[in-house]
Amino acid sequence: MAKKPHYWLIKSEPNAFSIDDLFNSPDQTESWDGVRNYQARNMMRDEMHLGDLVLFYHSSCKPPGIVGIAEVSRTAYPDHTAWDPNSPYFDAKSTPEHPRWFMVDIKFYKKYSRIISLDELKQQPELCEMPLVKRGSRLSIMPVTQQQWDIINKLAD
DNA sequence: GCCAACGTTGGC
DNA sequence: GCCAACGTTGGC
């Protein structure tokens, strides 16, 4: 059985929530709510451990890329925004008794001195297996291998 | 703003 | 349970 990943990558639109927003959050911590994709949910709920490190990726901006690192500070618990009719993430099929969606808390860990752009990531042959660099990949949460982690952090130095 | 990719929905 | 239609993501 393969070793469970302890590194991750999450996407966020900086217009909505950037790594600076995370830095400025109370206790530099924010709940990662609004995930409404089963594959992403399952990884978050079943495989994210306390202390796992997470690459913070800015999407839908110029340029898209990895801007820093966050840390999982609380493991999965029900995403209550699914129960709020006024929330954009409302889902009538999720109830407190049978929650369908989950979230974790992440805490600011570090911000890179520069953005590692998607373009630069694509130029690394060793990163070609990352879902991120593949055409049409829409996964908002994905595992990152130790090797990929090391390469990316070396680029950030 | 375009559109390819792909996940979800719903009729049958 | 198939699959066409639809909606969303996200780079360009």
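Throughout, a chain's letter reflects where its sequence line sits, starting with A, and its residues are numbered from 1.
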- Task: List in chain and number order the residues that pass side-chain hydrogen bond (donor to acceptor under 3.5 Å, both in side chains) with Glu126(A), two or more places apart in sequence or in another chain; answer none if no residue qualifies.
- Result: none
- Message: With heavy-atom distances below 4.5 Å as the criterion, would you say the side chains of Ile69(A) and Lys110(A) are in contact?
- Response: yes
- Item | Inter-residue atom distance Glu13(A).CD - Ser18(A).OG, 0.5 Å rounding | 12.0 Å
- Item | Interatomic spacing from CD1 in Ile106(A) to CD1 in Ile10(A) - rounded to 0.5 Å | 4.0 Å
For nucleotides 8-10 of chain B, list the nitrogen or oxygen atoms of the protein found under 3.5 Å from its nitrogen or oxygen atoms, one pair per line.
none

- Item | Length of the CG-C1' vector between Leu139(A) and dG11(C), whole Å | 16 Å
- With a non-hydrogen cut-off below 4.0 angstrom, is Lys134(A) in contact with a base, only sugar-phosphate, or nothing? nothing
- Query: Rounded to whole angstrom units, what separation is found between the NZ atom of Lys62(A) and the C1' atom of dG1(B)?
  - Reply: 11 Å
- Item | Atom pair distance, as rounded to whole Å: CE in Met142(A) and C1' in dG7(B) | 15 Å
- CZ of Arg138(A) versus C1' of dA5(B): gap in Å, rounded? 7 Å
- Task: Step through it carefully: locate the ring centre of Trp101(A), locate the ring centre of Tyr38(A), and say whether they are under 6.0 Å apart.
- Result: yes
- Message: Rounded to whole Å, how long is the line connecting atom CG of Leu118(A) with atom P of dG11(C)?
- Response: 6 Å
- Item | Between P of dG7(B) and CG of Asp91(A), the distance in whole Å | 18 Å
- Message: Does the plane of the ring in Phe56(A) sit parallel, tilted or perpendicular to the ring in Phe17(A)? Use 30° and 60° as the thresholds.
- Response: tilted
